[in-house]
S.K.: 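Here you go, one structure.
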Amino acid sequence: MSELPKGYEPADVEKSWYQAWLDGKCFEADPASDKPPYSIVIPPPNVTGILHLGHVLNTTIQDILARRARQKGCEVLWLPGTDHAGIATQTKVERQLRDEEGKTRRDIGREAFLEKVWDWKEKHGGIIIQQLKRLGCSCDWERERFTMDEDYSKWVAKVFADLFNEGLVYRGKRMVNWCPVSLTALSDEEVIPKKQNSQLFYMKYELVETPGEFLEVATTRPETLMGDVAVAVNPKDERYGKYVGKRVKRPFPPAEIPVVADDHVDPEFGTGALKITPAHDKADFEIGMRNELEIIDIFHPDATVNCPEVPELDGLDRFVARKKATAMLEEMGLLIKVEEHENNVGFSERADVPIEPRISMQWFLKYPATEETAKAVAEGDISYRPARWAKTHGSWMDGIQDWCVSRQLWWGHRIPVWYRKEKVEALQGAESLTLEDLSAGDLHVSAEPPADPENWVQDADVLDTWFSSWLWPFATMQKLDEESDLAKKFYPTTDLVTGPDIIFFWVARMIMAGYRFQGELPFKNVFFTSIIRDIQGRKMSKSLGNSPDPIDLMDKYGADGLRFGLMRTAPIGADLRFDEAQVEEGRNFANKIYNACRFRRMAGSDSRVDFEPSACESLRPYHLDILAKCDALAINQESAYAEYRFNEVGQQLYDFLWGEFCDKFLEAVKGDLREEASEEQRETTLGVFDLVMARYLQFLHPYMPHMTEELSSRMGYLAEGEFVMEKELPKTALLSAVDPLKVQEGSAQAAAVYESAAKLRNLKAEYRLAARKDVQFIAKSGPAWLEAEADTLALLAGSQGVTREEAYQPEQGTPGAVTPAGEIFMPLDGLIDVEAEKSRLDKEIEKIQKEVGKAKGKLGNEKFVANAKPEVVSAERERLTEWEGKLAQVQEMRRSLS
RNA sequence: GGUCGAUUAGCUCAGUGGUAGAGCGCUUGCUUCACACGCAAGAUGUCACUGGUUCAAAUCCAGUAUCGACCACCA
């Protein structure tokens, strides 16, 4: 077999293994399997989406869980798909239409526009799916779903109709969050409050009954003045009590409006008097309702002023109108002052413009199964990790508001409601139609369109995107009214992995839908990922340009490098500050493993050496040690996975391979692989290498799937046609058949040699001899096994040799160290600068004395000795003895120099 | 305003009562026949602050400060 190239090149390897997995149908879930099921549904990315680091973290975790579950013998379904993302997608296509053809969606009409969106989806919609494949995701692509698939859409309509029949869906004219750019209503969750530096305008209204007397009010929105229908004061406010029931003059358009009393008004804020614009403020709307005030809408849907009575303002954009209205007030002498004022303004999540509270006819949903949902999370039937998110969930459930589910868009699931045509025509359009206007026969609410469509008009609106997303776990697995083997096997799902930012949007709603429509909770565990920030702690965003392109990172460091680097440092339950250096580490790690295997290949046979530790007579301490550590790794992996501690899993894998396997084991057994070594030693060492590496690559596989597949294959660790990803983890320990006492002894010896070697290297470095290979060490005393391991010790210490001479009398000043392998000296042959050495020793003595003092102080404390655990006290004693011994030794060396 | 987090080496992060850790970066020395994407040695910390509990606190408790998230908001 060929020698491996010098450096690991992920690009081709990753691509070809991904294809091999696809060809081997490794990702396909078999509902007929009798293995235990494990399932995840992917949080469907927007069909317009481009992969960002959040996706990488999120899907890597899912892939790790899925691959680990396969290794544990589960039948795995990881169901992928995309979300139609109503507003985002429609906006994108509208922009394209405007740029390319100079037309709006209304110019070409609903049907033609939707055709364009579908075209667009076919052309550009799959990008993120391709990117997920590049990352190595083991999704069952045969079962990819889209929220607007025909079968899926049937579920959406049926759910709507069922909830309507249950009385939970209703239609009404309400104050909603209106996006003046997307021209649609939004749910409360889609409104993002942002702190704004605004201005608070103080103005005055003249009293009708007592001209010359004014009532002062403060507002941030003078442009809504034309919609004012009252001024409200707090009934307890003594300053204004006398005005309640009187009237004031609205400047433009001129009108006399009442002064009303309402508890909502805060006497402390502004002037304590509040102008009431019920059409354009949620609180004002409620005050208006309580006081039976008129509602005057003074905006067009796009938030330009609709007020022909005031021509100066009519048609202006709301922010232009604000300035103009202020100027007009000033001119009229009604403006008192303007103050800088910080307040929160709700922005539309998608269009990023201030939303406009607006009254309109919309569909609302009273959430189903809220009690069960709150209970499931509070009591842990669904476990949230980190657990604190359960509290966030709970507080949202407590204050839950009806969900505005209708959107004035075209791209989405059209509301499955039809009105009898003649009724609509009689009432002049569906927009103002209320359900009360219709008798039962005039209304058709169903997943199925009416049999005589020519007599009906369908509601023009579509549903909120999340109204389809909340059905995702089950609507992807089964068709409406059909038995599904897939759902039978894999629903409810096992784990859900998503960001905490969509607990309300998605997670809580899925639980409600799962409960209401399947009678079951849709998943057992929810793992919330970190939010990824840039190195300065800012959220990743397009506008800041601080979001690295994961594809670039994969080009540079490989998909495995990106996955491992991210996973090893991603904290559990805290934000992650992304640093490209982490990814670089991941790549370096891949290269390290690769080179360990390359070394193995260069040292011996091309095929795997069959080996059983219990049948081997020539196991050295290093062999036993690494086998034992590999067994320990298996156990530690298990417990870290059990708690979803992915960073710990990664750290364990890293430490084992680099710190134990390469730095210690491989260095210690290098001698066994040289030409002069015996055939038996060589075979034993190669056998242990293969045994440990083959298993290690399995452990590593969920994190670095491509590379582990490549190496397992090239090292001959797999049977013909076998994949690491399909191979179950072994259930028995490597050393299960070996006497534990023997293992313990071997591990202890290996540890002693490693520690001794470190001390000898240290000794060399102190005397600036680190690079010298010709140093000869002399052991004056030592354990029985020293002679057998002396060559290895010498090798590890980078020296010519370690000889044992009981009769050795060191010259005065010969440096030495007390090691687990005995008292070992390093004759210097007069190479060292005496003065430099003196000052070095003085510093050393000072340092050791400090440590001795510390230990003595502790042991002199009676309470410590009496109360601390015995092993803690004895460890402290040992430490003291050690330091004292060292001190005496160093002092002796110092004396010999002067 | 409410709730919940965070604060440990220059940076990113581990560390849940008993000698402060890793990787990167830094210093020094090595192209040693797997790897310079590497090897070896080293320097670097008032564990945010103030109290408390304890023989013993980065760790537990209380408070303070700073940063952040979410919720609710006064126009």
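Naming: A, B, ... by sequence-line order, numbering from 1 per chain. Only a predicted model underlies this, so the values are computations on that prediction, with no experimental measurement involved.
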S.K.: List the atom pairs, donor and acceptor, that lie under 3.5 Å between side-chain atoms in residues 385-393 of chain A and the rest of the protein, sequence neighbours left out.
M.R.:
unit_1, atom_1, unit_2, atom_2, d
Arg388(A), NH2, Gly573(A), O, 2.3
His393(A), ND1, Tyr384(A), OH, 2.9

S.K.: How would nucleotides 24-30 of chain B be written as a contact map, 5' to 3', with B for base contact, S for sugar-phosphate-only contact and - for no contact, using protein heavy atoms under 4.0 Å?
M.R.: S----S-
S.K.: Measuring only the P atom in each nucleotide, how far is G15(B) from A40(B)? A whole number of Å is fine.
M.R.: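 Taking atom P in both G15(B) and A40(B), they lie 26 Å apart.
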S.K.: Between the protein and nucleotides 57-60 of chain B, which nitrogen or oxygen pairs come in under 3.5 angstrom?
M.R.:
none

S.K.: Can you list everything that forms a salt bridge (Lys or Arg N to Asp or Glu O under 4.0 Å) with Glu9(A)? Sequence neighbours excluded, please.
M.R.: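 Result, salt bridge (Lys or Arg N to Asp or Glu O under 4.0 Å) vs Glu9(A): none returned.
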S.K.: Considering residues at least two apart in sequence or located in another chain, which fulfil the ring pair (Phe, Tyr, Trp, His ring centres under 6.0 Å) criterion with Tyr654(A)?
M.R.: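 Counting only residues at least two positions away or on another chain, Tyr654(A) forms a ring pair (Phe, Tyr, Trp, His ring centres under 6.0 Å) with Phe589(A), Trp658(A).
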S.K.: Please name all residues satisfying ring pair (Phe, Tyr, Trp, His ring centres under 6.0 Å) with Phe299(A), sequence neighbours left out, ordered by chain then number.
M.R.: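 Scan of Phe299(A) (ring pair (Phe, Tyr, Trp, His ring centres under 6.0 Å), adjacent residues dropped) gives His280(A).
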S.K.: Which value, in whole Å, describes the distance between the C1' atoms of nucleotides U44(B) and G10(B)?
M.R.: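 To the nearest whole Å, 9 Å.
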S.K.: Mind checking what makes side chain to side chain donor-acceptor pair (under 3.5 Å) contact with Arg682(A), not counting sequence neighbours?
M.R.: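 With neighbours one apart ignored, the set is empty.
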S.K.: Tell me, for nucleotides 10-20 of chain B in 5' to 3' order, what letter each nucleotide earns: B for a base near a protein heavy atom under 4.0 Å, S for only sugar-phosphate near one, - for neither?
M.R.: -SSSSS--BB-
S.K.: Return the set of residues passing side chain to side chain donor-acceptor pair (under 3.5 Å) with Tyr754(A) (not counting sequence neighbours), or none when no residue passes.
M.R.: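 Side chain to side chain donor-acceptor pair (under 3.5 Å) list for Tyr754(A), sorted by chain: empty.
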S.K.: Pairs under 3.5 angstrom only: tabulate donor-acceptor contacts from the side chains of residues 662-674 of chain A to other protein residues two or more places apart or in another chain.
M.R.:
unit_1, atom_1, unit_2, atom_2, d
Glu667(A), OE1, Lys670(A), NZ, 3.4
Glu667(A), OE2, Lys670(A), NZ, 3.3
Asp672(A), OD1, Arg620(A), NH1, 3.1
Asp672(A), OD2, Arg620(A), NH1, 3.0
Asp672(A), OD2, Thr685(A), OG1, 3.1

S.K.: Please enumerate all residues that pass salt bridge (Lys or Arg N to Asp or Glu O under 4.0 Å) together with Arg587(A), with sequence neighbours excluded.
M.R.: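 Once residues adjacent in sequence are excluded, the partners of Arg587(A) under the salt bridge (Lys or Arg N to Asp or Glu O under 4.0 Å) criterion are Glu584(A).
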S.K.: Taking ring pair (Phe, Tyr, Trp, His ring centres under 6.0 Å) as the definition, give me every residue that meets it alongside Phe505(A), ordered by chain and number, with sequence neighbours left out.
M.R.: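 Once residues adjacent in sequence are excluded, the partners of Phe505(A) under the ring pair (Phe, Tyr, Trp, His ring centres under 6.0 Å) criterion are Trp466(A).
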